[in-house]
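Structure record follows, encoded as C-alpha cells.
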Amino acid sequence: MGPDAYRSGGRPNPPVRCVKCKGVTVITTHARNPRTGSGEWRLTCLECRVAWPMDQHGGEPDEYI
C-alpha cells in the first residue's frame, strides 16, 4: 500500500516549509540530542541548512518520510 492508503480523502498535506527561508527542500533525520542523550526526529532544510526538532513543527514522522 502507498502512503495515501491511510488518508481519509481530501487534499494532501501541504509540503513542509523551512522555518527560516520558507523553502520546501526539507528532509527528516534521526539524531541524538546532546542535552538529553536520547534520539529525536528533526527536520533539516537543504537550502539554508537550519535544523529544528520535529515536535516543534507538528505532525508525525510518517507524514514527512
Side-chain angles (χ1 to χ4, degrees):
M1 281 189 245
D4 292 332
Y6 299 106
R7 295 187 194 260
S8 61
R11 292 199 286 160
N13 291 342
V16 174
R17 294 204 175 268
C18 174
V19 294
K20 182 178 177 185
C21 72
K22 305 300 182 209
V24 295
T25 54
V26 176
I27 61 169
T28 56
T29 56
H30 195 258
R32 187 177 64 83
N33 184 325
R35 287 178 283 158
T36 63
S38 64
E40 67 180 19
W41 286 100
R42 65 183 184 175
L43 300 167
T44 303
C45 177
L46 296 178
E47 293 179 33
C48 68
R49 307 303 292 174
V50 69
W52 65 99
M54 185 179 290
D55 61 353
Q56 290 180 2
H57 195 84
E60 297 296 325
D62 64 345
E63 293 178 5
Y64 300 104
I65 297 176

From CH2 (Trp52) to SG (Cys18), nearest 0.5 Å
4.5 Å
Give the minimum heavy-atom separation between Arg17 and Lys22, together with the two atoms involved.
NH1-O, 3.1 Å
Under 4.5 Å between side-chain heavy atoms, hopping through other hydrophobics if needed: is there a path connecting Val26 to Leu46?
no
To the nearest 0.5 Å, what is the distance between NZ (Lys20) and CZ (Arg49)?
12.0 Å
How close do Glu47 and Gly23 get, heavy atom to heavy atom, and via which atoms?
OE2-CA, 4.0 Å
Among the clusters formed by ILVMFWY side chains lying less than 4.5 Å apart, do Met54 and Val24 turn up in the same one?
no
